[in-house]
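Written out below as structure tokens is the structure these notes cover.
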Number of protein chains: 2
Amino acid sequence: MLSKKSQYAFKALVYLTEKYNQGPVLISEISRKKKVPLKFLENILLELKKAGILDSKKGKGGGYFLKKDPAKVKVATIIRLVNGPIAMLPCVSLYFYERCKNCDEKKCGLHDMMIEVRDASLAILENRTLKDLAL
Amino acid sequence: MLSKKSQYAFKALVYLTEKYNQGPVLISEISRKKKVPLKFLENILLELKKAGILDSKKGKGGGYFLKKDPAKVKVATIIRLVNGPIAMLPCVSLYFYERCKNCDEKKCGLHDMMIEVRDASLAILENRTLKDLAL
DNA sequence: TTGATTCCCTACCAAGCTGGTAGACTTAAA
DNA sequence: TTTAAGTCTACCAGCTTGGTAGGGAATCAA
């Protein structure tokens with residue numbers, strides 16, 4: 001399951017997508033409109049900025065805004081960033097791979113099935129962007 | 001991601017599938033062969049018994065064994081039992097549904113996408129059984 | 001009927017994660 | 001130089017995860 005943090009992140013990103021190219025948006029505005037706890041949202045947005053998804057301006061007239069075209073920000077990227085692995089097992093994760101102890105990947109039925117599940121999920125998540133979410 | 005507990009549960013179930021119809025298997029044997037901590041495994045097997053997946057016999061010659069034909073025990077069932085929801089959001093879960101606050105499901109892009117992901121995963125997990133894992 | 005064997009049950013625990021909050025600091029515009 | 005913003009560090013309660021400890025209860029065989 002996606003954490004609350006991830007859900008908040010998506011709410012904020014969808015909001016910023018709707019305001020794309022309209023200048024910086026206040027944290028407090030996002031918090032109010034999307035009903036996300038202010039201080040928690042601060043942390044999340046900062047993290048998204050450090051990851052290169054968002055950018056910000058300080059001082060009056062400041063706020064957060066998308067750094068890239070929302071049509072180019074994949075949902076899978078956001079999930080990996082805020083929530084972690086998409087796969088159900090470390091041994092089938094593309095970005096967070098860890099081999100499993102005491103289990104030969106070449107003849108592990110669970111392994112094979114989880115690769116299928118991963119690919120089925122990625123077929124969707126890698127081909128949807130923030131723009132698709134905002135419709 | 002699946003918890004360690006879930007991974008241990010699958011290891012044990014696959015082992016018991018291989019020993020299906022060969023009488024009770026000792027917890028200690030499963031623990032040894034599958035490298036799962038003994039006392040932790042006890043808890044897991046007991047839970048699977050209470051859920052009706054396994055049955056057991058006490059005393060000499062006792063142990064655990066599958067209650068049903070492994071070809072009839074779906075992987076999705078085990079995951080829900082030991083790990084929880086398969087969906088990525090409560091508002092798209094079939095067995096653990098909770099509506100989301102401050103979000104209209106009818107016009108939530110995330111919601112729609114997560115339903116797709118859920119269905120793609122279930123198409124696999126609902127159609128695989130313990131028998132498939134054991135091959 | 002006693003003893004060995006085996007699962008069953010309750011309790012406990014450390015460490016890490018989740019979902020936050022508090023408050024001071026820095027930057028930039030007016 | 002004041003004020004409006006984001007930034008940073010620190011802190012916290014409660015829950016979950018991944019276990020461990022130890023005895024109790026059922027069963028079987030001798």
Side-chain angles (χ1 to χ4, degrees), chain A residues 1-12 16 19 23-32 34-51 53-67 81-85 88-90 96 100-102, chain B residues 1-12 16 23-32 34-67 79 81-85 88-90 96 98 100-102:
Chain A
M1 300 271 283
L2 295 182
S3 61
K4 285 265 184 194
K5 186 178 166 187
S6 303
Q7 297 178 50
Y8 291 156
F10 276 113
K11 284 192 180 192
L16 289 175
K19 304 273 184 183
V25 181
L26 293 181
I27 303 179
S28 55
E29 179 184 338
I30 305 174
S31 167
R32 206 176 347 103
K34 291 301 199 172
K35 305 272 202 299
V36 177
L38 180 68
K39 297 297 279 181
F40 196 16
L41 181 58
E42 272 187 19
N43 300 335
I44 296 168
L45 295 181
L46 191 54
E47 196 177 323
L48 288 169
K49 177 186 174 178
K50 286 179 178 165
I53 308 290
L54 298 179
D55 208 346
S56 65
K57 264 191 73 175
K58 289 183 181 178
K60 186 159 194 177
Y64 275 97
F65 49 93
L66 281 165
K67 197 171 185 178
L81 202 62
V82 184
N83 206 73
M88 298 188 90
L89 292 175
F96 300 83
C100 32
K101 310 185 209 336
N102 320 314
Chain B
M1 299 271 282
L2 295 182
S3 60
K4 284 265 184 194
K5 186 178 166 188
S6 304
Q7 298 178 50
Y8 290 157
F10 277 113
K11 284 192 179 191
L16 290 174
V25 181
L26 293 181
I27 303 180
S28 56
E29 179 183 337
I30 305 174
S31 167
R32 207 175 347 103
K34 291 301 199 172
K35 306 273 202 298
V36 177
L38 180 68
K39 297 298 280 180
F40 197 14
L41 182 58
E42 271 188 23
N43 299 334
I44 296 168
L45 296 181
L46 191 54
E47 196 176 325
L48 289 169
K49 177 186 173 178
K50 285 178 178 165
I53 309 290
L54 298 179
D55 208 346
S56 64
K57 263 191 73 175
K58 288 182 183 178
K60 186 159 195 177
Y64 274 97
F65 50 93
L66 280 166
K67 197 171 184 178
I79 293 181
L81 202 62
V82 184
N83 207 73
M88 298 188 89
L89 291 176
F96 299 83
E98 285 172 55
C100 31
K101 311 186 209 336
N102 320 314

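Letters A, B, ... mirror the listed sequences (proteins, then strands); counts begin at 1. Because the structure is predicted, anything quoted here is derived from the model rather than measured.
If you check every strand for non-hydrogen atoms under 4.0 Å, B:Leu45 touches nothing. Counting non-hydrogen atoms under 4.0 angstrom, B:Val25 reaches the backbone sugars and phosphates but no base.
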Name the pairs: protein N/O against N/O of nucleotides 25-30 of chain C, kept only if under 3.5 Å.
none

Please list, pair by pair, any protein nitrogen or oxygen found under 3.5 Å from a nitrogen or oxygen in nucleotides 13-23 of chain C.
unit_1 : atom_1 : unit_2  : atom_2 : d
C:dG19 : OP2    : A:Lys4  : N      : 3.3
C:dG20 : OP2    : A:Tyr8  : OH     : 2.8
C:dG23 : O6     : A:Lys39 : NZ     : 2.5

Tabulate atom names and distances for all N/O pairs under 3.5 angstrom spanning the protein and nucleotides 11-13 of chain D.
none

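With B:Asn83 contributing its side chain and B:Ser3 its backbone, the two residues share a donor-acceptor pair below 3.5 Å.
Taking atom CD1 of B:Ile44 as the reference point, atom C1' of C:dC9 lies 16 Å away to the nearest angstrom. B:Leu41 has its CG atom 11 Å from the P atom of D:dT20, to the nearest Å. Residue B:Glu47 contributes atom CD, which lies 13 Å from atom C1' of D:dG18 at whole-angstrom precision. Spacing between atom CD1 of A:Ile27 and atom P of D:dC8 amounts to 12 Å, rounded to whole angstrom units. Put simply, CZ on B:Phe65 is 11 Å from P on C:dC7, counting in whole angstrom units. Per the geometry, CG belonging to B:Leu48 stands 14 Å off C1' belonging to C:dC7, to the nearest Å.
Side-chain contact between B:Lys67 and B:Leu54 is absent, with no heavy atoms from C-beta onward closer than 4.5 Å.
With salt bridges taken as basic N to acidic carboxylate O contacts below 4.0 Å, one links B:Glu42 and B:Lys39.
Minimum interatomic distance between B:Pro90 and A:Gln7 (heavy atoms only, all atoms of both residues): CD-NE2, 4.3 Å.
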